[in-house]
Amino acid sequence: MSQPCDILIYVQHLLGIGHMRRAAVLARAAQARGLTVSVVSGGMANARADFGAARVHHLPPLRTADATFTRYLDESGAVADDAYWRSRAEQLHAIDMAEQPAMILTEHFPFGRRRFRHEIIPILKACRARGGTTVSSVRDVLVDTGNVPKAQDMVGLARDHFDAVLVHGDPAVISFDETFPPASALADKLIYTGYVVDDRDAADNPAATSSDDAANPDGTDEIIVSAGGGAAGMPLLACALNVALTQRGERHRWRVLCGHALPAPSFERLQNLAADAAHIVVERARPDFHALLRRSRLSISQAGYNTVMDVVTTGARALLVPFSQDGESEQMYRAQAFAGRGLVALLDENEMTLDTLADSVERALTLEPVGPEALAIDGASRSGDTLLALRRGTAISR
């Protein structure tokens with residue numbers, strides 16, 4: 001049996017990679033405070049995340065078939081059957097028994113991933129039975145479904161199985177109860193950490209690439225187009241590329257970054273469209289994304305948690321085009337809140353055309369860059385401090 005760990009982090013990414021990225025930042029923050037960390041990942045293995053020195057365990061992977069999150073597919077693309085789910089639960093139980101963590105942190109559950117409760121709740125109960133602590137990690141905004149029974153179920157799960165809920169947001173910007181009205185029922189468990197930011201860039205990552213021209217490195221005065229992991233980013237990437245190919249777009253230099261979850265045929269299609277355009281670069285997402293943003297003229301992106309943090313903390317001018325397919329409301333709510341504070345420009349994805357995107361680009365270019373002091377972005381540090389305090393049983397700063 002391996003040496004017991006201080007914290008076991010459970011993370012299940014299904015469509016994008018935001019939860020994985022945030023869990024990785026929390027893992028490194030905990031390790032920086034001397035805590036030993038192990039991670040259980042239940043998503044596809046192609047997601048890239050740096051968990052530091054943590055032991056990483058992989059369950060039989062699952063992903064969602066689409067943004068409705070109603071069908072779950074295994075690695076072969078088949079709908080996962082009962083035997084597949086049982087195998088995951090058995091392996092998770094075995095990992096918990098081997099690790100014997102003093103604390104379990106679940107990324108997003110019980111405010112999401114409730115389909116996975118049958119594998120998660122047993123390890124939460126086991127942790128508490130041995131005197132451990134259970135913590136939920138949740139982003140600033142939840143998807144608003146208007147489903148009261150569903151919300152009450154989340155409250156019940158949080159009250160029954162968790163000692164603390166870390167809300168990774170700034171209540172001065174977005175209060176948790178704005179998108180989760182029954183949050184008051186969890187007031188004694190909620191701890192706002194501020195926004196969790198992964199602020200490493202090329203200087204910290206030898207895998208990062210850059211231009212050979214030191215006087216004019218990649219990103220300089222460019223329009224950077226990105227869509228997080230890329231699984232749901234093709235409409236934005238394609239529209240932006242087609243704007244870049246117009247007469248209006250030719251006035252700028254463009255760099256279109258395609259996340260590694262964007263299928264290879266889609267990536268190749270975008271590369272082929274730009275093959276003869278000297279002012280456009282189409283490439284896969286890069287580890288020096290922050291450095292590119294700092295040098296950019298404008299960022300065009302969706303409005304996922306990590307992407308918005310990347311943009312705001314680098315001081316880049318930004319145009320957000322929130323993902324809103326299949327009734328998704330999370331990104332729009334966040335984008336509206338940040339646009340309302342003058343931090344970004346906003347275009348509704350449902351209104352996106354070549355003309356509206358081109359107009360929005362010109363409008364966004366008139367924005368004054370806003371520094372990171374506009375909101376609380378010390379969530380990684382404060383989360384690390386909170387996890388250490390919970391582990392030691394000392395007072396927590398709220």
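Predicted, not measured: the structure shown is a model, and the values here were computed from it.
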**Message:** Looking only at the side chains, is there a donor atom on one of Thr133 and Asp163 sitting less than 3.5 Å from an acceptor on the other?
**Reply:** no
**Message:** Under 3.5 Å, is there a donor on one side chain and an acceptor on the other for His290 and Asp310?
**Reply:** yes
**Message:** Evaluate Leu62 against Tyr84 for side-chain contact (heavy atoms from CB on, under 4.5 Å), listing each step before the verdict.
**Reply:** CA-CA 10 Å; Leu62 285 172; Tyr84 196 85; 3.6 Å; yes
**Request:** Determine, stepwise, if the pair Thr106 / Phe162 fulfils side-chain contact (heavy atoms from CB on, under 4.5 Å).
**Result:** CA-CA 10 Å; Thr106 60; Phe162 290 90; 3.3 Å; yes
**Prompt:** Are Gln3 and Arg55 close enough that a side-chain donor and a side-chain acceptor fall under 3.5 Å?
**Reply:** no
**Request:** Evaluate the side-chain proximity of Leu293 to Thr313: yes if any heavy-atom separation is below 4.5 Å, no if none is.
**Result:** no
**Request:** Please assess Thr353 against Thr356 for the test side-chain hydrogen bond (donor to acceptor under 3.5 Å, both in side chains), listing each intermediate value before the final yes or no.
**Result:** CA-CA 5 Å; Thr353 65; Thr356 60; 3.2 Å; yes
**Asked** Under 3.5 Å, is there a donor-acceptor pair between the Glu250 and Thr246 side chains?
**Response** no
**Request:** Evaluate the side-chain proximity of Glu75 to Arg63: yes if any heavy-atom separation is below 4.5 Å, no if none is.
**Result:** no
**Residues His108 and Ser137: side-chain donor-acceptor under 3.5 angstrom** = no
**Message:** Under a 3.5 Å threshold, yes or no: a donor from one side chain and an acceptor from the other, between Ser383 and Thr386?
**Reply:** no
**From Ile300, Leu319, Asp348, Asp355, residue fulfilling side-chain contact (heavy atoms from CB on, under 4.5 Å) relative to Ser360** = Leu319
**Request:** Using atom types as modelled and distance alone, determine if a side-chain donor or acceptor of Arg341 lies under 3.5 Å from a backbone N or O of Phe338.
**Result:** no
**Request:** Determine, step by step, whether Asp177 and Ser175 satisfy the side-chain hydrogen bond (donor to acceptor under 3.5 Å, both in side chains) criterion, reporting the C-alpha distance in whole Å, the side-chain angles of both residues, the deciding distance to 0.1 Å, and the verdict.
**Result:** CA-CA 5 Å; Asp177 60 6; Ser175 177; 2.8 Å; yes
**Prompt:** With under 30° as parallel and over 60° as perpendicular, where do the rings of Tyr195 and Tyr305 fit, or are they tilted in between?
**Reply:** tilted
**Asked** Taking C-beta and beyond as the side chain, do Leu166 and Val138 meet within less than 4.5 Å on heavy atoms?
**Response** no
**Prompt:** Without hydrogens or angle criteria, can the side chains of Glu349 and Ser324 be said to hold a donor-acceptor pair below 3.5 Å?
**Reply:** yes
**Prompt:** Atom CZ of Arg382 and atom OG1 of Thr193: how far apart are they, to the nearest 0.5 Å?
**Reply:** 6.5 Å
**Residues Arg33 and Ser381: side-chain donor-acceptor under 3.5 angstrom** = yes
**Message:** Could you check whether Asp74 pairs with Arg88 (Lys NZ or Arg NE/NH1/NH2 to Asp/Glu carboxylate O, under 4.0 Å)?
**Reply:** no
**Side chain His168, main chain Gly194, donor-acceptor under 3.5 Å** = no
**Request:** Determine, for Phe109 and Arg117, whether the Lys NZ or Arg CZ falls below 6.0 Å from the six-membered ring centre while staying within 45 degrees of the axis.
**Result:** no
**Item:** Leu59/Ile95 under side-chain contact (heavy atoms from CB on, under 4.5 Å): CA gap, chis, key distance, verdict
**Value:** CA-CA 10 Å; Leu59 297 178; Ile95 293 167; 4.0 Å; yes
**Request:** Answer yes when Asp218 and Arg295 have at least one side-chain N-carboxylate O distance shorter than 4.0 Å, and no when they do not.
**Result:** no
**Asked** For the ring pair Phe116 and Tyr10, is the centre-to-centre distance below 6.0 Å?
**Response** no
**Request:** Mark yes or no: Arg297 above the aromatic ring of Trp254, with NZ or CZ under 6.0 Å from the six-membered ring centre and no more than 45 degrees from the axis.
**Result:** no
**Request:** Show your working on side-chain hydrogen bond (donor to acceptor under 3.5 Å, both in side chains) between Glu99 and His57 and close with a plain yes or no.
**Result:** CA-CA 11 Å; Glu99 294 284 0; His57 305 273; 2.7 Å; yes
